[in-house]
Amino acid sequence: TGGQGEGTYYAEYRVNSTANAVGDIINVSCTVTESGGCPVITTEGTTTLTNNEVGAPNAVTDVTGITQACIIIASNNVDLSCEGYNITNDGTADATGVVINGSTITDDTNVTIRDCPLVSGYEKGIYIFNSNQGVITNTSVYNNTEYGIFINSSLDVNVTYTDSYNNTEYGINIELSNNTRVADTR
C-alpha cells in the first residue's frame, strides 16, 4: 500500500496464469495493520517513533500509582525521539504515556524524551520514576487526568521547552526528587 497506514485496501488484478482464464479479473482485499506500537525499550541507544502511538498495552510493575503504559523505558542511555508523532490514550485506566521505569534497586540514568507534540489522555502523561539525569524537552503534555509530568524519586532531571497544561491536578508534579530544573516551560 506504500505507506498509507492502517486500513482495508482493495485491488483489482488481471490474471495472467493457467489457473484462471487469461484476462479474467479477480478482486483481492487485504487488511494492513501498523506494526511496532508502544515499545518497551530495554537497551541503550536512540528509539525514534515512526507513527502515532495509541493506548497503554504494556504492564508496569514497581511504579507507584500506575499499572499500564504505552512506552516503557527500562535502560540507561536512551534517547526517545517522538519525531513529531503523538502518544494518546485509548481509555486505559491507571496508565501513563511514557514511563522511565527505574527500579528500587537500580536507577535509570541519562534518558531523554524529546520532540513529542502531544502526550494526552493518560493519568500521568510522562512519569519519571527512580531516574538520574533525565531530560524532557520540546514536548507538550495536556489533557491528562492527574499530571502532565510526574517526577518521582529522581535526581538531576531537566524539563525544558515543554508545554504542560489542562491537566486535572498539576502540569508538573515533583515528589521526593532533588536538583530538578524546569526552564522555558509553560
Locate the shortest heavy-atom distance separating [X] from [Y]; write the atom from each residue and the value.
X      : Y      : result
Val119 : Asn144 : O-ND2, 3.3 Å
Tyr165 : Tyr142 : O-CB, 2.6 Å
Gly84  : Pro117 : O-CG, 3.1 Å
Asn158 : Arg181 : OD1-CB, 3.0 Å
Glu53  : Cys70  : CB-SG, 3.6 Å
Gly65  : Lys124 : O-NZ, 3.7 Å

For residues [X] and [Y], determine if any side-chain heavy atom of one lies less than 4.5 Å from a side-chain heavy atom of the other.
X      : Y      : answer
Val182 : Val157 : no
Glu146 : Thr168 : no
Val159 : Ile149 : yes
Thr67  : Thr61  : no
Val60  : Asn101 : yes
Asp115 : Ser81  : yes
Ile71  : Ile87  : yes
Asp94  : Glu123 : yes

Out of curiosity, [X] [atom1] to [Y] [atom2], how far, rounded to the nearest 0.5 Å?
X      : Y      : atom1 : atom2 : value
Ile128 : Ile151 : CD1   : CD1   : 5.0 Å
Ile126 : Thr139 : CD1   : OG1   : 5.5 Å
Leu118 : Asn143 : CG    : CG    : 8.0 Å
Gln133 : Thr112 : CD    : OG1   : 10.0 Å
Thr96  : Phe150 : OG1   : CZ    : 10.5 Å
Ser154 : Leu176 : OG    : CG    : 9.5 Å

Please enumerate all residues that pass side-chain hydrogen bond (donor to acceptor under 3.5 Å, both in side chains) together with Asn89, with sequence neighbours excluded.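 In terms of side-chain hydrogen bond (donor to acceptor under 3.5 Å, both in side chains), with neighbours along the sequence ignored, Asn89 is linked to no residue.
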
Suppose we screen for side-chain hydrogen bond (donor to acceptor under 3.5 Å, both in side chains). Which residues come up paired with Thr92, at least two apart in sequence or across chains?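 Asp90.
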
Answer yes if [X] and [Y] sit in the same cluster of Ile, Leu, Val, Met, Phe, Trp and Tyr residues linked by side chain heavy atoms under 4.5 Å apart, and no otherwise.
X      : Y      : result
Val99  : Val135 : no
Tyr147 : Val98  : no
Val141 : Ile72  : no
Val63  : Leu80  : no
Ile174 : Phe129 : no

For the pair Ser177 (side chain) and Ser153 (backbone), establish whether a donor and an acceptor sit closer than 3.5 Å, ignoring hydrogens and angles.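 It does hold such a pair.
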
Side chain to side chain contact (heavy atoms under 4.5 Å, CB included) between Ile100 and Ile113, worked out: CA-CA 9 Å; Ile100 300 176; Ile113 301 166; 4.1 Å; yes

Would you check if there is a donor-acceptor pair between the side chains of [Y] and [X] at a distance under 3.5 Å?
X      : Y      : value
Asn76  : Asn110 : no
Asn179 : Asp156 : yes
Thr162 : Thr185 : no

Assess whether side-chain hydrogen bond (donor to acceptor under 3.5 Å, both in side chains) is satisfied between Thr42 and Ser75, documenting all intermediate values. CA-CA 5 Å; Thr42 58; Ser75 179; over 6 Å; no

Here's a test for you: under side-chain hydrogen bond (donor to acceptor under 3.5 Å, both in side chains), which of Asn152, Asn173, Thr64 qualifies with Tyr127?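 The single option meeting the side-chain hydrogen bond (donor to acceptor under 3.5 Å, both in side chains) with Tyr127 is Asn152.
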
